[in-house]
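Here is the structure we will look at.
As a basis for the values below, the full set of heavy atoms in this structure was taken, side chains included, without hydrogen atoms, waters or symmetry mates. Whatever order the structure lists them in is the order used to number ligands and atoms, beginning at 1. Computed from a predicted structure; not experimentally measured. Sequential numbering from 1 along the given sequence is applied to the chain's residues.
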Amino acid sequence: MSKKRILTGDRPTGRLHLGHYVGSLRNRVRLQDEYECFFIIADLHTLTTRPERTGELKENIRQQVLDYLSVGIDPAKSTIYVQSMIPENEELAVIFSNLVTVPRLERMPTLKDVMRDSKIEIPSLGLLMYPVLQSADILMPRAHLVPVGKDQASHIEVTREIAREFNRVYSEILPVPEALIPDDIGTLPGTDGKGKMSKSVGNVINLSDDSATVRKQVMGMYTDPNRVHGDEPGDIDNNPVFMYLDAFCGGQDEGRLEDYRSRYLTGTVKDSEVKEFLVEVLEKFLEPIRKKRAEFEVQPELIDKILREGTAKARDEAQKTLDAVKSAMKINYF
Ligand code: ATP
Ligand code: MG
């Protein structure tokens with residue numbers, strides 16, 4: 001039996017951070033052995049909130065591929081490609097836009113969130129269409145599973161409705177995909193402790209940050225706001241420093257982490273000591289990632305080759321799907 005397919009990806013809006021690693025990248029690295037993975041670099045989706053910033057896309061795409069490769073996404077196993085280089089995606093989106101209503105899209109909870117975060121008062125047609133284009137992204141390689149954050153679950157629901165509606169109206173050719181949503185452990189808070197780590201908020205530690213930047217970010221981190229001195233008992237459950245330690249502390253440091261936990265609870269360790277430990281843990285985690293990134297950074301032509309090959313492979317799939325879609329619709333006149 002052939003492997004089941006996965007589609008997931010990111011908008012190339014900047015560097016990927018530790019939150020992306022915890023919430024999605026580490027899972028992708030695991031999934032790529034068991035599944036046939038398609039990783040989309042969704043540049044068209046950036047137009048919905050920042051149409052004027054297309055000049056950044058090329059460099060952002062390159063950096064995103066470097067982020068992927070540095071954490072172990074392997075182009076020999078998985079297909080990495082650029083959304084806008086697959087025109088069939090847009091054709092599919094136009095077809096699918098007839099299988100979903102405007103009020104359905106207006107009711108998307110993500111629409112309100114994006115409008116608020118990006119200070120958009122009236123949504124463009126493109127922003128309203130976002131879940132439709134995303135449905136095309138997902139149905140294009142006929143993906144079975146879509147690993148996404150909880151925030152994106154409503155979009156996968158629309159994709160399922162579109163696939164079912166297509167199958168009902170024409171014929172049963174589109175698999176109805178399932179969302180693969182990580183549990184809450186998968187959400188990493190920001191360094192400011194105010195919400196999740198998010199690049200537009202700036203409360204991030206990037207996978208590509210150097211040691212000095214990591215140290216600066218960690219030393220400025222929010223801890224337990226009610227604890228003023230190191231000799232007072234503190235909270236470790238809602239404390240971002242300990243949440244990062246839980247996420248990144250490897251096997252051999254588990255014992256040391258346990259010791260810091262109990263000393264924090266009893267008020268026998270300073271915040272700055274725990275932060276020093278976190279710097280050490282993050283450095284251990286990031287060092288091999290930086291090393292791998294540096295190897296690829298000096299081979300820009302290899303990045304282009306990976307993208308060109310991935311995009312060609314994705315386009316083959318897109319053409320197959322579009323042909324099948326048009327045949328089912330009987331709109332393949334020639
Ligand atoms: P922006 O500020 O532009 O929204 P972001 O840093 O929040 O960027 P997104 O592009 O919104 O990142 O995130 C894409 C996906 O990455 C999310 O759906 C989620 O799966 C994952 N992700 C992002 N931030 C985190 C985080 N802090 N913890 C866990 N997962 C995250
Ligand atoms: Mg976000």
Side-chain angles (χ1 to χ4, degrees), residues 6-31 37 39-54 56-57 60-61 63-65 67-68 71 73 83 108-120 127 130-131 133-134 137-138 145-159 177-209 217-218 221-222 238-248 282 285:
I6 280 188
L7 179 287
T8 189
D10 304 275
R11 303 196 315 155
T13 53
R15 306 290 179 108
L16 297 179
H17 51 64
L18 296 180
H20 293 118
Y21 183 82
V22 169
S24 62
L25 293 174
R26 68 173 172 194
N27 200 27
R28 290 184 204 173
V29 174
R30 284 190 215 122
L31 291 168
C37 292
F39 297 126
I40 185 173
I41 302 186
D43 55 348
L44 291 176
H45 286 306
T46 67
L47 301 178
T48 57
T49 52
R50 35 208 272 173
E52 72 291 348
R53 289 173 67 173
T54 48
E56 302 168 5
L57 285 175
N60 284 351
I61 290 171
Q63 292 300 336
Q64 193 169 312
V65 177
D67 280 329
Y68 282 1
V71 296
I73 287 181
Q83 181 189 31
M108 298 302 292
T110 45
L111 180 63
K112 251 190 261 124
D113 295 346
V114 169
M115 286 174 63
R116 186 198 53 226
D117 293 347
S118 302
K119 300 187 176 57
I120 295 171
L127 182 57
Y130 191 126
L133 182 56
Q134 195 178 23
D137 299 333
I138 294 166
L145 282 177
V146 192
V148 285
K150 219 192 283 161
D151 50 328
Q152 290 278 313
S154 60
H155 287 198
I156 311 308
E157 204 40 55
V158 169
T159 307
E178 310 244 353
L180 194 67
I181 297 168
D183 47 29
D184 273 339
I185 307 165
T187 304
L188 197 73
T191 50
D192 58 359
K194 290 212 178 84
K196 63 169 206 142
M197 184 177 280
S198 181
K199 73 175 96 71
S200 49
V201 178
N203 56 2
V204 303
I205 295 175
N206 288 322
L207 293 166
S208 51
D209 280 345
Q217 285 294 75
V218 170
M221 266 179 84
Y222 172 107
N238 300 301
N239 186 326
V241 173
F242 279 95
M243 287 155 110
Y244 286 23
L245 284 169
D246 286 338
F248 294 101
L282 287 180
F285 167 74

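At a 4.0 Å cut-off, not a single heavy atom of Lys150 sits close enough to ligand 1 to count as contact. Using a 4.0 angstrom heavy-atom cutoff, Val22 does not count as in contact with ligand 1.
Taking distance alone, with nitrogen or oxygen atoms compared against 3.5 Å, Arg11 stays at or beyond that limit from ligand 1. On a distance-only criterion, Leu188 and ligand 1 share at least one N/O pair closer than 3.5 Å. The shortest N or O to N or O distance between Gln152 and ligand 1 is not below 3.5 Å. Between Met197 and ligand 1, a contact under 3.5 Å exists for at least one N or O pair. Here's the thing with His17: one of its N/O atoms is less than 3.5 angstrom from an N/O atom of ligand 1. Distances between N or O atoms of His20 and those of ligand 1 include at least one value under 3.5 Å.
Met197 pairs with exactly one of Leu188, Asp192, Val22 by the side-chain contact (heavy atoms from CB on, under 4.5 Å) rule, that one being Leu188.
Heavy atoms only, all atoms of each residue included: Pro12 and Thr46 are closest at CD-CG2, 3.7 Å.
Annotation for ligand 1: atoms under 4.0 Å from non-hydrogen atoms of Ser200 are 1 (P), 2 (O). Near Gly23, the atoms of ligand 1 lying under 4.0 angstrom from a non-hydrogen atom of the residue are 29 (C), 30 (N). Applying the 4.0 Å criterion to heavy atoms of Gly19 picks out, from ligand 1, the atoms 25 (C), 26 (C), 27 (N), 28 (N), 29 (C), 30 (N), 31 (C). In summary, the atoms of ligand 1 found under 4.0 Å from a heavy atom of Gly149, numbered by their order in the structure, are 18 (O), 20 (O).
Side-chain contact between Ile120 and Thr49: present, with at least one pair of heavy atoms (C-beta onward) separated by less than 4.5 Å. Under the 4.5 Å side-chain criterion, counting only non-hydrogen atoms from C-beta, Ile156 is in contact with Ile138.
A donor atom on one side chain and an acceptor atom on the other are found under 3.5 Å apart for Gln83 and Asp137. Side chain to side chain, Tyr222 and Asn203 fail the donor-acceptor criterion of an N or O pair below 3.5 Å.
Contacts with ligand 1 closer than 4.0 Å are made by side-chain heavy atoms of Asp151 only, the backbone lying farther away.
In this structure, the side chain to side chain contact (heavy atoms under 4.5 Å, CB included) partners of Thr48, at least two apart in sequence or on a different chain, are Arg11, Leu127, Tyr130. Partners of Met108 by side chain to side chain contact (heavy atoms under 4.5 Å, CB included), not counting sequence neighbours, listed by chain and number: Arg104, Thr110, Leu111, Pro131, Ser154, His155, Val158.
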Run the salt bridge (Lys or Arg N to Asp or Glu O under 4.0 Å) check on Arg28 and Asp10 step by step: do they pass?
-> CA-CA 12 Å; Arg28 290 184 204 173; Asp10 304 275; 2.9 Å; yes

